[in-house]
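In each ligand, atom 1 is the first atom listed, and ligand 1 is the first ligand listed.
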Amino acid sequence: MNVILGVTFFILGSLAVYIFQKKRFKKMKEEDFVVEVVQKAFLREKFSDHNEHNLVRALLKSDSFIKDLSLTAKFKGMIVGYILFTKVKVGEETLLALAPLAVLPRFQKKGVGKSLVEKGHKVAKDLGYKGIVVLGHAEYYKKFGYEPASKWNIKFPLEIADENFMAIELYPGALENINGTVEYPVEFGIN
Ligand SMILES: CC(C)(COP(=O)(O)OP(=O)(O)OC[C@H]1O[C@@H](n2cnc3c(N)ncnc32)[C@H](O)[C@@H]1OP(=O)(O)O)[C@@H](O)C(=O)NCCC(=O)NCCS
């Protein structure tokens, strides 16, 4: 008898959760899914302030936002990864900052991040941008050709480890003659 009651409660409970989730998903916009993916991706990251999802919300509304450079990766219609490149200034030049890149934990190490970075680079190049800066895992971004930004004398506004602030040229020589401290959009709260 107890077993039957237990199973019945379990089924009813699961059904209630399913209906609740379905209703919740229906009300959510693409932006909400993106924000959720970013929050979940950074949840267990040691070097995170766990505020990246709020940064995304703010950047989506900012002047530095470029719609074509806000890219999602989907699996069976569900957003599982996200990458954003926003405009930054270095002297008179407008470059891009890659931030954030996020992949849902259970979809990591399957090439999702790689495909987002490569797609982003292609779109950025097609749009005529010269280069991208990123603050992040040196070992990861090295794989895509990023090098310490100090190579071009491009500086992060705060004191950080040289190897973690990187840049990439979108075509050979593109960053020649571009140097100085990066001016991030105010939403980053850095400058
Ligand atoms: C970092 C992150 C975006 C990587 O995404 P991913 O989809 O797991 O990465 P991929 O599967 O495309 O990996 C591409 C390559 O990088 C390697 N890699 C993956 N995560 C790595 C990491 N944290 N450090 C170094 N290398 C890494 C993979 O092994 C793979 O190597 P290979 O091409 O030689 O096989 C993802 O782990 C994530 O969302 N982490 C939490 C948020 C975060 O840290 N974002 C980045 C902030 S800088």
Side-chain angles (χ1 to χ4, degrees), residues 28 30-60 62 64-66 68-88 90 95-125 129 131-152 154-170 175 181-185 187-191:
M28 282 169 76
E30 171 143 316
E31 172 182 330
D32 301 319
F33 286 106
V34 161
V35 168
E36 200 165 281
V37 166
V38 173
Q39 186 171 21
K40 284 182 178 162
F42 280 94
L43 214 54
R44 294 204 180 142
E45 270 296 305
K46 262 194 294 183
F47 301 108
S48 156
D49 60 1
H50 306 292
N51 199 38
E52 294 80 3
H53 60 293
N54 290 323
L55 172 64
V56 169
R57 275 237 196 263
L59 287 174
L60 291 173
S62 89
S64 61
F65 178 70
I66 306 156
D68 290 342
L69 285 170
S70 167
L71 303 168
T72 57
K74 292 186 178 167
F75 177 75
K76 294 189 177 172
M78 181 176 96
I79 297 176
V80 298
Y82 180 68
I83 195 167
L84 179 63
F85 300 83
T86 41
K87 288 183 242 175
V88 289
V90 182
L95 300 181
L96 297 169
L98 187 177
L101 167 62
V103 177
L104 279 181
R106 73 196 161 91
F107 288 89
Q108 290 176 6
K109 303 262 163 76
K110 292 176 167 51
V112 176
K114 184 177 179 189
S115 67
L116 284 168
V117 172
E118 289 177 352
K119 174 85 194 297
H121 285 184
K122 190 184 174 310
V123 176
K125 192 176 171 189
Y129 288 97
I132 302 167
V133 294
V134 67
L135 177 66
H137 302 297
E139 287 311 311
Y140 187 68
Y141 290 103
K142 239 187 239 174
K143 289 179 185 286
F144 308 104
Y146 283 83
E147 296 178 76
S150 56
K151 176 178 165 176
W152 295 277
I154 294 176
K155 298 188 189 97
F156 190 72
L158 306 172
E159 198 70 32
I160 43 137
D162 187 64
E163 61 161 15
N164 294 122
F165 186 56
M166 294 157 275
I168 188 169
E169 292 182 319
L170 289 172
L175 292 180
T181 302
V182 178
E183 235 180 274
Y184 278 85
E187 288 77 10
F188 279 86
I190 298 175
N191 295 86

**Fill in**
Here the atoms of ligand 1 under 4.0 Å from any heavy atom belonging to G111 are 10 (P), 11 (O), 12 (O)
**Request:** Would you mind listing which atoms of ligand 1 come within a distance below 4.0 Å of any non-hydrogen atom of K114?
**Result:** 12 (O)
**Asked** So does K74 pair up with E30, basic N to acidic O under 4.0 Å?
**Response** yes
**Item:** salt_bridge(K40, E36) N-O dist < 4.0 Å
**Value:** yes
**Message:** Tell me the closest heavy-atom pair linking L96 and L69, and the distance in Å.
**Reply:** CD1-CD1, 3.7 Å
**Asked** Based purely on interatomic distance, does E139 place a nitrogen or oxygen under 3.5 Å from a nitrogen or oxygen of ligand 1?
**Response** no
**Request:** Measure the acute angle between the ring planes of H121 and F144, then classify it against the limits of 30° and 60° as parallel, tilted or perpendicular.
**Result:** perpendicular
**Complete:** ligand 1 to A41, heavy atom cutoff 4.0 Å, flagged ligand atoms 39 (O), 41 (C), 42 (C)
**Asked** For ligand 1, which atoms have a heavy atom of V112 less than 4.0 angstrom away?
**Response** 7 (O), 12 (O)
**Request:** Output yes when D68 and K119 qualify as a salt bridge under the 4.0 Å nitrogen-oxygen rule, no when they do not.
**Result:** no
**Item:** Parallel, tilted or perpendicular: ring planes of F156 versus Y184, cut at 30 and 60 degrees
**Value:** perpendicular
**Asked** Counting heavy atoms only, which part of E45 comes closer than 4.0 Å to ligand 1: side chain, backbone, both or neither?
**Response** side chain
**Message:** So, 4.0 Å and heavy atoms of Y141: is ligand 1 close enough to count as a contact?
**Reply:** yes
**Prompt:** Is A102 near ligand 1, meaning one of its heavy atoms is under 4.0 Å from it?
**Reply:** yes
**Request:** Kindly confirm or rule out an N or O of K109 lying under 3.5 angstrom from an N or O of ligand 1.
**Result:** yes
**Message:** Quiz question for you: does at least one protein heavy atom lie closer than 4.0 Å to atom 35 (O) of ligand 1?
**Reply:** no
**Request:** Kindly confirm or rule out an N or O of F42 lying under 3.5 angstrom from an N or O of ligand 1.
**Result:** no
**K143 contact mode with ligand 1 (heavy-atom cut-off under 4.0 Å)** = side chain
**Asked** Between H50 (side chain) and F42 (backbone), is there a donor-acceptor pair under 3.5 Å?
**Response** yes
**Request:** Mark up the atoms of ligand 1 that fall under 4.0 Å of a heavy atom belonging to G136, in ascending order.
**Result:** 48 (S)
